[in-house]
Amino acid sequence: MASYAFISSFRKHITSSVLLLVATLLALVVANGPFGDDFRALWQLPMSLSIGDFNFFSHGGHVMSLGDVINDFLMAVFFLSVGLEIKREVLCGELSSLRRALAPVIGAIGGMLMPVVVYLLVSPSDPVMERGMAIPMATDIAFSLGCLSVFSRRCPTSLKVFLAALAVADDLGGILVIAVKYSEHLNLEYLALVLACLVVLMIGNRRMVRTKLFYLSMGLILWYAMLNSGIHATISGVVLAMCVPAGVDRGARFYLRRISEHMKQFPVIEVTRADRKKAVVLNPKQVNALKSIESASDHLISVLQDLEDSLRTPINYYIIPLFALANAGVQIEAESLTSLFSGVGLAVFLGLWVGKFVGVFSFSWICIKLRIIEMPRHATWPVLASVCMICGIGFTVAMFMANLAFHGGAHEELLNDAKLGILAGSLASALVGSLMLNLTLPSEEEMAALKAQDRAAAV
């Protein structure tokens with residue numbers, strides 16, 4: 001069941017990765033065209049959601065711009081989805097046991113440490129530039145899984161699960177870095193409001209409150225409190241996710257039994273073509289039975305899973321493409337391209353392309369050799385190396401980290417260099433990784449034979 005959930009996630013990200021790519025290319029084209037200045041000015045427009053003197057999109061006397069709302073508010077919704085996915089996987093998925101979680105978590109740790117090491121080795125010893133050391137830590141789940149989907153018929157299921165679980169563990173590491181490294185001076189009054197929100201949410205979790213509106217409403221208050229407390233506002237999405245209940249109030253068996261009992265009101269009858277045009281008239285007992293079945297079915301889906309499913313479409317098709325449109329508009333000029341050969345641009349580029357590959361592969365290789373973890377089923381060392389290479393595709397969280405590291409007009413040039421390094425490193429990882437996968441993966445016929453062997457062994 002856990003593997004099925006990951007494969008469903010894998011398929012989900014294929015179409016969203018295409019939309020993300022289109023938004024990225026569009027941002028690059030417009031930003032470097034005749035309307036580039038107007039395009040950049042668009043994201044600086046002030047935003048207001050006011051009642052009297054109170055503006056929801058403001059903190060410390062500063063009114064947020066359109067770009068701030070996308071990066072701080074909409075990305076909090078994105079991190080809510082990430083938090084829900086992490087909680088689900090920890091409770092009942094690929095991260096639910098030490099044996100399952102060990103391989104992707106070890107790979108993720110290596111994939112977070114080595115890019116930082118590479119960044120610090122390449123980047124000049126400067127306190128401002130060192131703020132960007134966390135930028136190449138992240139693997140973009142949408143782009144990396146989308147890249148792997150090109151070889152879906154030749155790729156073992158175990159590698160798809162490994163990459164997806166690694167990206168989830170990677171996101172968790174990125175969230176911790178944001179919480180620790182990019183929090184500012186703390187405001188005790190708003191911290192007290194944060195704690196009050198947490199108490200209310202935990203009470204709701206304890207009492208199995210099933211109304212999504214309750215959690216989303218409290219989430220809005222929590223976001224505003226964190227925005228003004230000094231803790232980065234996007235962390236509110238993860239905190240809210242941890243408070244959303246993953247169980248059902250009376251247990252699954254209770255509702256399954258109720259559905260089974262009420263289904264007896266409807267005897268199995270073979271339906272003919274003529275029956276399809278007849279009016280359906282149910283007696284009151286059958287109507288009540290159907291309503292009870294519907295209610296029981298709703299209760300079988302936890303609030304966590306229901307909310308995660310509800311957020312999937314707006315995040316994949318609106319929030320992430322909009323984030324790409326607002327942040328991927330890098331100015332590409334002859335002078336800016338030289339940044340790929342020095343400074344922050346080179347550090348981010350090599351951190352993603354070299355650091356991620358070396359980190360994920362070396363940590364996995366050592367632990368497999370020490371028999372701490374097992375090689376993914378039907379994988380070889382060259383195939384595993386190919387998957388490790390596409391882990392260097394970093395975009396969404398990497399761009400987000402770049403904005404945190406170099407926010408403000410004084411660091412505009414460094415931010416542009418960092419974004420250029422992200423795009424170049426991701427592109428290099430995707431191209432080299434795809435070439436390696438094409439050379440190392442088994443043929444479709446060989447993969448079909450291996451899957452047939454697995455089915456025969458299961459029988």
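Keep in mind the model is a prediction, meaning the values are calculated, not measured. One is the number of the first residue; the rest follow in order along the sequence.
- Closest non-hydrogen pair, Val177 versus Ala134, comes out as CG1-CB, 3.7 Å.
- Put simply, CH2 on Trp365 and CG on Leu370 are 8.5 Å apart, with the number rounded to the nearest 0.5 Å.
- Ring centers of Phe357 and Phe361: under 6.0 Å apart, within the cut-off.
- Between Ile315 and Pro321, the shortest heavy-atom distance links the atoms O-CD, 3.9 Å.
- Contact record, Leu166 with Gly107: CD1-C, 3.7 Å, taken as the closest heavy-atom pair.
- Atom-to-atom distance recorded for Leu220:CG and Ser236:OG is 9.0 Å, nearest 0.5 angstrom.
- For the atom pair CG of Leu240 and CG of Leu84, the computed distance is 7.5 Å after rounding to the nearest 0.5 Å.
- If you look at Phe323 and Phe78, their ring centroids are not closer than 6.0 Å.
- By the neighbour-count criterion of 12 heavy atoms within 6.0 Å, atom CH2 of Trp43 is densely surrounded, having more than that number from other residues, nucleotides or ligands.
- The pair Arg131-Asp126 does not count as a salt bridge, with every side-chain nitrogen at least 4.0 angstrom from each carboxylate oxygen.
- Between the side chains of Thr440 and Ser386, at least one donor N or O lies within less than 3.5 Å of an accepting N or O.
- Atom CD1 of Ile70 and atom CG of Leu325 lie 8.0 Å apart (nearest 0.5 Å).
- Remark: the Thr139 side chain and the Lys356 side chain contain an N/O donor-acceptor pair separated by less than 3.5 Å.
- Residue Leu120 holds its CG atom at 9.0 Å from OG of Ser125, rounded to the nearest 0.5 Å.
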Problem set entry | Test ring-ring contact (aromatic ring centres under 6.0 Å, His included) applied to Trp353 and Phe349, step by step | CA-CA 6 Å; Trp353 189 32; Phe349 170 61; 5.5 Å; yes

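- In plain terms, the two heavy atoms of Phe395 and Ile422 that are nearest each other are CA-CG2, 4.2 Å.
- None of Phe400, Trp223, Phe79 except one satisfies the ring-ring contact (aromatic ring centres under 6.0 Å, His included) rule with His232; the exception is Phe400.
- Annotation: the span from Ile373 atom CD1 to Ile366 atom CD1 amounts to 10.5 Å, rounded to 0.5 Å.
- In terms of heavy atoms, Ala76 sits closest to Asp72 at CB-O, 3.5 Å.
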